[in-house]
Amino acid sequence: MKYWLLKSEPDVFSYSHLSAAPERRTVWDGVRNYQARNLLRDAVSVNDYAFFYHSSCKEPAIAGICRIVRTGLADPSQFNAQSPYFDPKSDPANPRWITVEVEAVQALPRPLTLKEMRQDSALQEMALLNRARLSVQPVSNTEWRHILQQAGLSAANISRFN
DNA sequence: GCCAACGTTGGC
DNA sequence: GCCAACGTTGGC
């Protein structure tokens, strides 16, 4: 079981949008960074969990939890000439941008803000604080549990994600 | 809106 | 393969 953090701009697609989506699922499209793509393609597995992080907004924060439900998907937006994520250099026979499908699990009782995370000595090693621009990041088991605790989940609820 | 950090592009 | 120019991210 591995844990991740996925960034999204809430004005474009928020955790509420995911919760309201059909089957509470979406294909995580639009990642156009090779390091992030490599994680999605090679390291993220079905049934891993991920934090849904709101970036580029008034109060950057972790908003909710999602679960990886499918992997190895060609990001459809790379072939859509109308999409801002269109990549004319990607060959449909050998797609450049591979991604995953995620499902909303639960919103955090209390979103955990970037500001709070910066002030938390237990979270200083987080990629979010040190590699701020990477849009797909690993989260350690210790960090995962600590964040859920800070966000107000009960011990019983936290253990569901082991 | 600014700008620092850093990833990508392309000429050589 | 180097590296300058350029583009993007994302907090503030």
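In the text below, chain A, chain B and the rest are named by the order of the sequence lines, each starting its count at 1.
Using cut-offs of 30° and 60° for the angle between ring planes, the A:W28 and A:F52 rings count as perpendicular.
Between A:Y53 and C:dG11 there is a side-chain N or O to OP1 or OP2 distance below 4.0 Å. Listed pair A:K7 / C:dT9 fails the phosphate criterion, with no side-chain N or O lying under 4.0 Å from OP1 or OP2.
One can place CG of A:L129 at 14 Å from C1' of C:dG10, the figure rounded to the nearest angstrom. Between the CG atom of A:N38 and the P atom of B:dG7 there is a distance of 13 Å, given to the nearest Å. Atom C1' of nucleotide C:dG10 and atom CZ of A:R118 are separated by 10 Å, given to the nearest angstrom. Between the C1' atom of B:dT8 and the CZ atom of A:R32 lies a distance of 15 Å, rounded to the nearest Å. Summarising the geometry, the separation between NZ on A:K58 and P on C:dC12 is reported as 15 Å, rounded to the nearest angstrom. Atom P of nucleotide C:dT8 and atom CZ of A:R37 are separated by 19 Å, given to the nearest angstrom. Rounded to a whole Å, the CG atom of A:D87 is 15 Å from the C1' atom of B:dG7. When the C1' atom of C:dG11 is taken as reference, atom CZ of A:R131 falls 17 Å away, rounded to whole Å.
Checking A:Y85, A:F79, A:Y34, A:F86 one by one against A:W97, the ring pair (Phe, Tyr, Trp, His ring centres under 6.0 Å) holds for a single residue, A:Y34.
For A:Q124, the CD atom is densely surrounded, since the number of other residues' heavy atoms within 6.0 Å is greater than 12.
With 3.5 Å as the limit, one finds a donor-acceptor pair spanning the side chains of A:R32 and A:S77.
Between B:dG7, C:dG10, B:dT8, one nucleotide has an atom nearer to the side chain of A:S135 than all others, and that is C:dG10. Here C:dC12 is the nucleotide among B:dT9, C:dC12, C:dG10 with the atom lying nearest to any side-chain atom of A:L114.
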